[in-house]
Amino acid sequence: MDVLEAIKNRREITRYKDREIEQELLDAVVDATYFAPTGNNLPSKDIIVVTDPEKLVTLKETTPFMPWIAEAKAAIAITGRPDISKYWLQDSSIAAGYCWLEAVEKGLVGAFGAIYHAEDAEESERRESHARKVLSIPEDRRVVAIIGLGYPDETKPPKKHIPREEIVHYEQFK
């Protein structure tokens with residue numbers, strides 16, 4: 001699939017077919033996440049691949065906004081390492097985007113579960129603690145996101161965007 005078309009047509013899909021993801025496809029998604037760039041090429045992220053159905057069900061309690069993870073066939077949790085790089089959040093976020101794009105390339109769909117909450121430290125701690133417990137994530141990692149993956153059992157039209165000329169500026173902000 002053309003990358004720009006994948007981006008333009010991107011939708012969060014939360015209904016998945018009851019079909020396991022082939023290991024070769026899952027490995028490609030993991031590789032895209034792994035090879036995503038990081039500031040100064042520092043190892044500022046960790047990737048946890050989850051396929052155990054019981055863990056996926058337990059992960060739905062991480063935040064009230066991701067009950068769909070229980071139906072996903074796999075999930076990719078991405079953590080940041082503030083002890084390694086001041087760009088841990090950016091690095092982890094870029095990795096999540098690459099993960100999503102490769103999933104689409106392989107005919108999969110995903111939904112983004114935001115775990116780290118930049119504006120509510122208490123909520124972030126609650127979410128991250130639950131994910132840490134389920135996935136045995138060390139305390140020095142920040143749990144940025146968990147992306148649920150599967151084959152689509154629904155389709156949605158592309159979202160409407162704010163007109164491009166209201167967002168894109170050339171040479172200076174206008």
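Just so it is clear, the values below take in all heavy atoms, side chains as well, and ignore hydrogens, waters and symmetry mates.
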Practice task
Applying side-chain contact (heavy atoms from CB on, under 4.5 Å), run through L149 and L26 and close with a yes or a no.
Solution key: CA-CA 9 Å; L149 300 169; L26 188 56; 4.2 Å; yes
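Counting heavy atoms of neighbouring residues, nucleotides and ligands inside a 6.0 Å radius, atom CG of D18 does not exceed 12 of them. Heavy atoms of other residues, nucleotides or ligands lying less than 6.0 angstrom from CG of L4 number more than 12.
Partner I78 forms a side-chain contact (heavy atoms from CB on, under 4.5 Å) with one of T33, I146, D91 and no other, that one being T33.
When all heavy atoms of I69 and G148 are compared, the closest pair comes out as CD1-CA, 3.6 Å. The two residues G80 and P82 come nearest to each other via the heavy atoms O-CD, 3.4 Å. Residue S92 comes nearest to V144 through the heavy atom pair CB-CG2, 3.6 Å, listed as atom of the first residue, atom of the second, then distance. Smallest separation of non-hydrogen atoms from K45 and A36: NZ-O, 3.2 Å. Shown here for K55 and L135, the closest heavy-atom pair between the two residues is CD-CD2, 4.3 Å.
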Return a table of donor-acceptor pairs under 3.5 angstrom between the side chains of residues 96-118 and protein atoms on other chains or two or more places apart.
residue: E105; atom: OE1; partner: M1; partner atom: N; Å: 2.8
residue: H117; atom: ND1; partner: E119; partner atom: N; Å: 3.3
residue: H117; atom: ND1; partner: D120; partner atom: N; Å: 3.1

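Once rounded to the nearest 0.5 Å, the distance linking CD1 of I147 with CD1 of I76 reads 7.5 Å. Between the NZ atom of K73 and the CD atom of E20 there is a distance of 5.0 Å, given to the nearest 0.5 Å. If you take OG on S93 and OH on Y87, they are separated by 14.5 Å, rounding to the nearest 0.5 Å. With rounding to the nearest 0.5 angstrom, the CZ atom of R126 is 8.0 Å from the OG1 atom of T62. The distance from atom CD of Q23 to atom OG1 of T51, rounded to the nearest 0.5 Å, is 7.5 Å. In this structure, CZ on R10 lies 14.5 Å from CD on E5, to the nearest 0.5 angstrom.
With a 4.5 Å cut-off on side-chain heavy atoms, Y34 and I47 count as touching. Taking the side chain as every heavy atom from C-beta outward, V143 and R132 approach each other to under 4.5 Å. Using a 4.5 Å heavy-atom cutoff, the side chains of P43 and I84 are in contact. By the 4.5 Å heavy-atom criterion applied to side chains, I13 and E154 are counted as neighbours. Taking the side chain as every heavy atom from C-beta outward, D52 and L56 never approach each other to under 4.5 Å. Residues Y151 and L25 meet the side-chain proximity criterion, which asks for heavy atoms closer than 4.5 Å. A heavy-atom distance below 4.5 Å is found between the side chains of R142 and S124.
F35 and V29 end up in the same hydrophobic cluster when Ile, Leu, Val, Met, Phe, Trp and Tyr side chains are linked at under 4.5 Å. V134 and V57 fall into different hydrophobic clusters, where Ile, Leu, Val, Met, Phe, Trp and Tyr side chains are chained together by heavy-atom contacts under 4.5 Å. A continuous path of hydrophobic side-chain contacts links I21 to V49 [ILVMFWY only; heavy atoms under 4.5 Å].
Salt-bridge annotation for R19 and E22: present, with a side-chain N of the basic residue lying under 4.0 Å from a carboxylate O of the acidic one. Using a 4.0 Å cut-off between a side-chain N of Lys or Arg and a carboxylate O of Asp or Glu, R127 and E123 qualify as a salt bridge. A salt bridge does not link R141 with D83: every distance from a Lys NZ or Arg NE/NH1/NH2 to an Asp or Glu carboxylate oxygen is 4.0 Å or more. Using a 4.0 Å cut-off between charged side-chain N and carboxylate O, E71 and R15 make no salt bridge.
The closest donor-acceptor contact from the side chain of K156 to the backbone of E12 lies under 3.5 Å. Put simply, the side chain of R11 gets close to the backbone of P157: a donor and an acceptor are under 3.5 Å apart.
Considering only residues two or more places apart in sequence or on other chains, K60 meets the salt bridge (Lys or Arg N to Asp or Glu O under 4.0 Å) condition with none of them.
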